[in-house]
Amino acid sequence: MSNISAAIINTVNISMFNRGMAGKIFDDVKKDGAKVVMKNNKAECVLLSPEEYIRLIDAAGDMEIKK
């Protein structure tokens with residue numbers, strides 16, 4: 001059940017941006033982590049904080065070095 005809850009919490013509909021809620025969405029990303037943006041019931045993109053993006057890029061680079 002927690003996976004379903006996490007999926008619901010971590011998604012945002014693209015229409016929320018059109019309703020002027022971008023600031024709230026960005027605050028939620030900073031506070032709670034990545035969000036999946038849905039458009040027409042399909043995942044369109046993933047929003048990450050700059051810090052999380054850098055962490056992921058660094059981790060991917062570390063994995064390349066270990067090969």
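Since the structure is predicted, the reported quantities are computational estimates derived from the model, not experimental observations.
- In terms of hydrophobic clustering, with Ile, Leu, Val, Met, Phe, Trp and Tyr side chains grouped at heavy-atom distances under 4.5 Å, V37 and I25 are assigned to a common cluster.
- Hydrophobic clustering (ILVMFWY, side-chain heavy atoms < 4.5 Å, transitive): M16 and I14 are in one cluster.
- Summarising the local packing, CZ of F17 is surrounded by more than 12 heavy atoms from other residues, nucleotides or ligands at distances under 6.0 Å.
- Judged as a salt bridge (Lys or Arg N to Asp or Glu O under 4.0 Å), and not counting sequence neighbours, the contacts of E52 are R55.
- Both V12 and V29 are members of a single hydrophobic cluster when ILVMFWY side chains are connected at heavy-atom separations under 4.5 Å.
- Note on F26: it does not cluster hydrophobically with V46, by side-chain heavy-atom contacts below 4.5 Å among ILVMFWY residues.
- Residue pairs meeting the salt bridge (Lys or Arg N to Asp or Glu O under 4.0 Å) criterion with at least one partner in residues 28-38, sequence neighbours excluded, are K24-D28.
- Taking CG from N18 and CG from N13, the interatomic distance works out to 9.0 Å, rounded to the nearest 0.5 Å.
- Scanning both residues, N10 and A34, for their nearest heavy atoms gives OD1-O, 3.7 Å.
- Here salt bridge (Lys or Arg N to Asp or Glu O under 4.0 Å) pairs that include residues 8-20, with residues two or more places apart or in two chains, number zero.
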